[in-house]
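Only one structure is covered here, and it is reproduced in the block below.
Just follow the structure's listing: the first ligand is 1, and inside any ligand the first atom is 1.
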Amino acid sequence: MRRARAGAGRVQLGKPSSNLFRFGDRDTGRGVRRLDTSALDGVLEVDPQARTAQVQGMATYETIVAATLPHGLMPLVVPQLKTITLGGAVTGLGVESSSFRNGLPHESVLEMDVLTPAGELLHVTPDGEHADLFAAFPNSYGTLGYAVRLVVELAPVRPFVQLTHHRYTTADAAATAIEELSGSDADFLDGVVFGPGEQYLTTGRFVDAPMPGARISDYTGQEVFYRSLQRRPVDHLTVHDYIWRWDPDWFWCSRAFGVQQPLVRRFWPRRYRRSDVYRRLVALDQRFGASNRVREALGGTAEEMVVQDVEVPVERLAEFLEFFHEQVRISPVWLCPMRLRGERSWPLYPMEPGRLYVNVGFWSSVPERPGDRWAHNRLVEEKVAGLGGHKSLYSTVHYDEDEFWGHYDGAAYRAVKQRYDPDGCAPDLYRKVTGR
Ligand SMILES: Cc1cc2nc3c(=O)[nH]c(=O)nc-3n(C[C@H](O)[C@H](O)[C@H](O)COP(=O)(O)OP(=O)(O)OC[C@H]3O[C@@H](n4cnc5c(N)ncnc54)[C@H](O)[C@@H]3O)c2cc1C
């Protein structure tokens, strides 16, 4: 890695997959040297007694879960997409249906080895000499260095998860229920909004066996998980299939490829029903602008990609959804309650300890507004900031620089950047995520 950096100009991780949704060259594209990470994608050790795993930075959660489940253990928060890596989730944040209880993936990291942009390999712990780097690492997107080895806590599992889908006819009722359910003994909690009058919250509970006579569902075949919320009030999945329930249809985004049509689905090979396959297809389309060219050639309007995850305090959720249904009009929308696990706060993504937030995820496109290619994304940014929330930075970012640093603690970032990357070998966070 050192050799690759020396005199090399810009470098990026040469990973076989990515879950970023920016297709400019800063993260994913041309003109940069790629660091070979193929020897950094494994699980080094699972310690069932200590309930920890020692994992390399570019190991995917698919690899990690495959190593921990045989011990009856899983990471405290497993992001939904199989190729998200531990390093990517810690530096780019992550959230899942255990986040109302277990917080974010970086909160269960016990220690890390980080290769800084200046070329040093540092041992980084919550309270050690490099505690400032530990605190600023989440939401730094590789601009403060790359995590090459991490030790994370694990949690015990049971063989099955029993799911109950609760329906709510107003967003207010759903928000109230989120507050109640987040104080219950459920192991998992997330939800889907199909429209202003139709929202579901799903609670998941570990069980040793399904209820007598209950079926164990399989959504890697002909059925599509998100549709089951509307049809099947109670459901059971193996713990493995629960963890990966959103991956075979990339939540619902596989719809764009026709894969949810029974006929197409039958012939679409099972091994290609994976989020990374669909993402590769979207990346190709974005690179060549193919869909928009076809739309425009047929006399239609180009589309604006609105792919974002934002979080707002639970008491502002209904207000956000009302705005969203009026102004953006994408459906479905994913809801995931989240609360920091500990008392510690994380400067580059400032959430209040103890406060309940709801992550709202939407991943689609809408007709462009004439003269403003990013109008809907800007509206979302403005609304979220006004409601006291934040947005993740894995997709396009449109804030101007001052506003951006106001939301993501520019002063804290600059101090850590100066200490660990004094010569600016890696891009600055704002430039990296905006491409400016
Ligand atoms: C449609 C969609 C839905 C999503 N939904 C969710 C969701 O529900 N829950 C969730 O948790 N996340 C979700 N994500 C976001 C995803 O978790 C983040 O994009 C995450 O950062 C991706 O991690 P990756 O391992 O694929 O990293 P990459 O995409 O390869 O990289 C992401 C960034 O992290 C940096 N990076 C990667 N590895 C390391 C490392 N070891 N050390 C330091 N920096 C590193 C890279 O330089 C890059 O800037 C979603 C993304 C999309 C596109």
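- On a distance-only criterion, Gln80 and ligand 1 share at least one N/O pair closer than 3.5 Å.
- Partners of Glu322 under the salt bridge (charged side-chain N to carboxylate O under 4.0 Å, His left out) rule, at least two apart in sequence or in another chain, do not exist in this structure.
- In terms of polar-atom proximity, defined here as any N/O pair under 3.5 Å, Ile84 makes no such contact with ligand 1.
- Of all the heavy atoms of Phe137, the ones lying under 4.0 Å from any atom of ligand 1 belong exclusively to the side chain.
- Close approach of ligand 1 to Asn19 is summarised as follows: ligand atoms under 4.0 Å from at least one heavy atom of the residue are 19 (O), 22 (C), 26 (O), 29 (O), 51 (C), 52 (C), 53 (C).
- Of all atoms in ligand 1, numbered sequentially from 1 with element shown, those under 4.0 Å from a heavy atom of Lys432 are 47 (O), 49 (O).
- Residue pairs meeting the ring-ring contact (aromatic ring centres under 6.0 Å, His included) criterion with at least one member in residues 91-123, sequence neighbours excluded: His106-Trp346.
- On a distance-only criterion, Tyr141 and ligand 1 share at least one N/O pair closer than 3.5 Å.
- Remark: the backbone N or O of Ser38 is paired with a side-chain donor or acceptor of Asp36 at under 3.5 angstrom.
- By the 3.5 Å distance cut-off applied to N or O atoms, Trp334 is not counted among the residues near ligand 1.
- Trp246 does not count as a contact of ligand 1, since none of its heavy atoms falls under 4.0 Å from the ligand.
- Taking a cut-off of under 4.0 Å to the non-hydrogen atoms of Gly92, the atoms of ligand 1 that pass are 21 (O).
- No close placement of the Phe251 and Phe225 rings is indicated, their centers lying 6.0 Å or farther apart.
- Residues Phe257 and Tyr278 bring their aromatic ring centres within 6.0 Å.
- Shown in contact with Leu13 at under 4.0 Å from a heavy atom are these atoms of ligand 1, numbered in order with element: 36 (N), 37 (C), 38 (N), 39 (C), 45 (C).
- For ligand 1, the atoms lying closer than 4.0 Å to a non-hydrogen atom of Phe21 are 53 (C).
- At a heavy-atom distance under 4.0 Å, atoms from both the backbone and the side chain of Tyr146 approach ligand 1.
- In summary, the atoms of ligand 1 found under 4.0 Å from a heavy atom of Leu93, numbered by their order in the structure, are 17 (O).
- Of all the atoms in ligand 1, the ones that sit under 4.0 Å from a non-hydrogen atom of Ser17 are 30 (O).
- Ser254 places no side-chain N or O within 3.5 Å of a backbone atom of Trp250 that could act as its donor or acceptor partner.
- In this structure, a donor-acceptor pair under 3.5 Å is present between the side chains of Ser217 and Asp235.
- In the candidate list Asp309, Thr143, Thr91, Asn359, Thr91 is nearest to atom 45 (C) of ligand 1, counting heavy atoms.
- Geometrically, ligand 1 and Trp363 share no nitrogen or oxygen pair separated by less than 3.5 Å.
- Counting the atoms of ligand 1 from 1 in the order shown, those under 4.0 Å from a heavy atom of Met58 are 41 (N).
- Counted by atom type alone, Trp363 and Asp309 present one or more donor-acceptor pairs between their side chains at under 3.5 Å.
- With hydrogens and angles left out, the side-chain atoms of Tyr61 and Glu96 include no donor and acceptor closer than 3.5 Å.
- Considering backbone and side-chain atoms alike, Val95 places an N or O below 3.5 Å from some N or O of ligand 1.
- Residue Gly145 places a heavy atom under 4.0 Å from ligand 1.
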What verdict does the side-chain contact (heavy atoms from CB on, under 4.5 Å) test give for Tyr242 and Val78, after you've listed the backbone C-alpha separation in whole Å, the side-chain angles of each residue and the deciding distance to 0.1 Å?
CA-CA 11 Å; Tyr242 177 78; Val78 179; over 6 Å; no
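- Polar contact with ligand 1: absent for Pro79 (N/O pair, distance under 3.5 Å).
- Using modelled atom types and a 3.5 Å distance limit, the side chains of Thr37 and Tyr146 yield no donor-acceptor pair.
- With hydrogens and angles disregarded, a donor-acceptor distance shorter than 3.5 Å links the side chain of Glu107 to the backbone of Arg341.
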